[in-house]
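Letters go in sequence order (proteins before strands), and every chain restarts at 1. These numbers come from the heavy atoms of this one structure, side chains and all, not from hydrogens, waters or symmetry mates.
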There are 2 protein chains.
Amino acid sequence: MRTSEGVEWALHCCLTLVWVGGAEAAPEPVPSARLAAMFELSPTYLNKVLQRLTRAGLLTSVSGPRGGVRLARAPERITVMDVVAAVEGPDPLFACAEIRQRGASAVGAGPREFARPCGVAGAMRRAELAWRRELSAQTVADLAAAASAASVSRVRANHARLAGRSG
Amino acid sequence: MRTSEGVEWALHCCLTLVWVGGAEAAPEPVPSARLAAMFELSPTYLNKVLQRLTRAGLLTSVSGPRGGVRLARAPERITVMDVVAAVEGPDPLFACAEIRQRGASAVGAGPREFARPCGVAGAMRRAELAWRRELSAQTVADLAAAASAASVSRVRANHARLAGRSG
DNA sequence: GGTGACTTACTCGGATATGGAGTGTCCGAGTTAGTGCGG
DNA sequence: CCGCACTAACTCGGACACTCCATATCCGAGTAAGTCACC
């Protein structure tokens, strides 16, 4: 079990969008190809990842020249959980296959025997909820604010350099 | 991202071992093939899963006739986290690839710039720790005790039936 | 009857195939900035 | 000078290969119970 590489990509791209976009309501869109160059990522695959964020309503995509993606809402209202869920999909970490109802172990069980949820699934679900709660407690804005001013300036400068060179 | 099917298998097998073993210090070992029959699982693959639990020190395997596996220590001292870690491996859920240090985004960064851990990785790690804490808070004994007495009796009876028929 | 080694069947353990999801790539549809012509 | 249509390039979006891990399987090494002969 390992989270997709795309999660890290998506979060760093969101942070970059916050930093280069400033506090404006509708900043300049940033092309996904430029974001890929920022982090030396596969441009086409990053595009796929950002598509998921767009479909989830976290990003807004702008077509045509000078197009790209921008945050769909204020970074304070985008949680890390939102990003992870958009990239990884809605499936829970632990998928209970209800093996307790199969095989010899279940022989002789009454019809209402398995009405209550599986204890194993419950334990896993509790842990998963704690994970989700912690992810939901942190917003993209929090992460963006935690970075050092020097890093933010450097990212902004490098982004501007790329914008000037390639369009 | 999804937990391995083997996690559910391993936990249910541990519960079964608790129930059929009783409170004895060294109960009768249960062959993995019988556990597979209990839950209608692939015997050989379940064997592989139980091997990991054995290597992790959670189970003790006994070779030869009337052999099998049994809990290596009291169920109160086996946490759900132990089982998950044994099956899934020691790798963290989120593997930070440090993409922040690559590409145009890092151009012009000083040598000590990335000494502090990545904020994205920190957020993911916090959530992961919450997940692990919750898993560690529950023991196999807790799960075993939470089941209804009827279920436990049924599992014991079915296990005894299998033991009589094939072993 | 007791003891010993042997046979034997049963167990675990690791090396070996297969499938599916994540990863990576490509090309087409759509859109908008820019441009040039005509009024 | 203004407006319009055209061009063109640039973007996103979904359809197509590749790789690695989880899944599933097989066969061999090892072991302890049961057995049989022998003392």
Side-chain angles (χ1 to χ4, degrees), chain A residues 1-10 13 28-37 39-56 58-70 72 84 86-91 93-95 97 99 162-163 165-167, chain B residues 1-10 13 28-37 39-56 58-70 72 84 86-91 93-95 97 99 162-163 165-167:
Chain A
M1 175 173 50
R2 216 181 74 253
T3 53
S4 303
E5 187 111 358
V7 170
E8 185 180 2
W9 299 15
C13 285
E28 281 282 290
V30 179
S32 71
R34 197 184 302 162
L35 288 170
F39 298 108
E40 201 176 326
L41 304 175
S42 161
T44 51
Y45 187 47
L46 176 64
N47 194 9
K48 198 188 206 34
V49 172
L50 296 181
Q51 275 177 37
R52 297 191 180 185
L53 296 182
T54 302
R55 244 174 297 176
L58 303 180
L59 298 183
T60 303
S61 67
V62 178
S63 295
R66 302 188 64 81
V69 294
R70 94 184 110 214
V84 172
V87 176
E88 294 279 346
D91 299 329
L93 271 67
F94 179 81
I99 65 171
L162 283 184
R165 242 200 340 216
S166 75
Chain B
M1 175 173 54
R2 215 181 74 254
T3 54
S4 304
E5 186 112 358
V7 169
E8 185 181 0
W9 298 16
C13 286
E28 282 281 292
V30 179
S32 71
R34 198 184 303 161
L35 288 169
F39 298 108
E40 201 175 329
L41 305 175
S42 160
T44 52
Y45 186 47
L46 177 64
N47 194 9
K48 195 187 204 38
V49 172
L50 296 181
Q51 274 178 40
R52 298 191 180 187
L53 296 181
T54 302
R55 244 175 297 176
L58 303 180
L59 298 184
T60 304
S61 67
V62 178
S63 294
R66 301 189 64 82
V69 295
R70 92 184 112 215
V84 172
V87 175
E88 294 279 345
D91 300 329
L93 271 67
F94 180 81
I99 65 171
L162 284 184
R165 242 198 341 213
S166 75

Select base, sugar-phosphate, or nothing to describe what A/T44 touches, counting heavy atoms under 4.0 Å on all strands. base
At under 4.0 Å, does any side-chain N or O of B/R34 touch on OP1 or OP2 of C/dC10? no
d(CE, A/M1; P, C/dG20) in whole Å: 22 Å
Out of curiosity, B/I99 CD1 to A/C13 SG, how far, rounded to the nearest 0.5 Å? 6.5 Å
Show, in sequence, the C-alpha distance, side-chain angles and deciding distance for B/L35 and B/L50, and conclude whether the side chain to side chain contact (heavy atoms under 4.5 Å, CB included) test is met. CA-CA 10 Å; B/L35 288 169; B/L50 296 181; 4.0 Å; yes
Whether B/S32 contacts C/dT11 is assessed here as follows: a side-chain N or O lying under 4.0 Å from the phosphate OP1 or OP2. Is that the case? no
Provide, to the nearest angstrom, the distance between the CD atom belonging to A/Q51 and the C1' atom belonging to D/dA15. 11 Å
Could you tell me whether B/P65 contacts a base, only the sugar-phosphate backbone, or nothing, with contacts defined as non-hydrogen atoms closer than 4.0 Å? base
In whole angstrom, what separates A/E40's CD from C/dG24's C1'? 16 Å
Would you mind telling me which of C/dT11, D/dG13, D/dT23 lies closest to the side-chain atoms of A/N47? D/dG13
Does the side chain of B/S61 get closer than 4.0 angstrom to OP1 or OP2 of C/dT11 through an N or O atom? no
Please check if the side chain of A/S4 supplies one atom and the backbone of A/E88 the other of a donor-acceptor pair under 3.5 Å. no
Considering just the side-chain nitrogens and oxygens of B/R55, establish if one lies under 4.0 Å of OP1 or OP2 belonging to C/dG14. yes
Mind calculating the distance between OH (A/Y45) and C1' (D/dC18) to the nearest angstrom? 13 Å
Between A/V69 and B/G64, which has a closest nucleotide on DNA chain D that is more 5'? A/V69
Mind calculating the distance between CZ (A/R52) and P (C/dT23) to the nearest angstrom? 9 Å
Tell me if a side-chain donor or acceptor on B/R52 pairs with a main-chain N or O of B/V87 at a distance below 3.5 Å. yes
If you assign B/S63 and A/K48 each to the DNA chain C nucleotide with the nearest heavy atom, which residue ends up on the more 5' nucleotide? B/S63
Mind calculating the distance between CZ (A/R66) and P (C/dG34) to the nearest angstrom? 7 Å
Starting at the 5' end of DNA chain D and moving along, which residue's nearest nucleotide shows up first, B/L46 or A/T54? A/T54
If I take atom CZ in residue B/R2 and atom P in nucleotide D/dT23, what distance separates them, rounded to the nearest angstrom? 7 Å
Does the side chain to side chain contact (heavy atoms under 4.5 Å, CB included) test come out yes or no for A/L93 and B/L93, once each step is laid out? CA-CA 10 Å; A/L93 271 67; B/L93 271 67; 4.0 Å; yes
Quick one: A/E8 CD to C/dG22 P, roughly how many Å, whole number? 17 Å
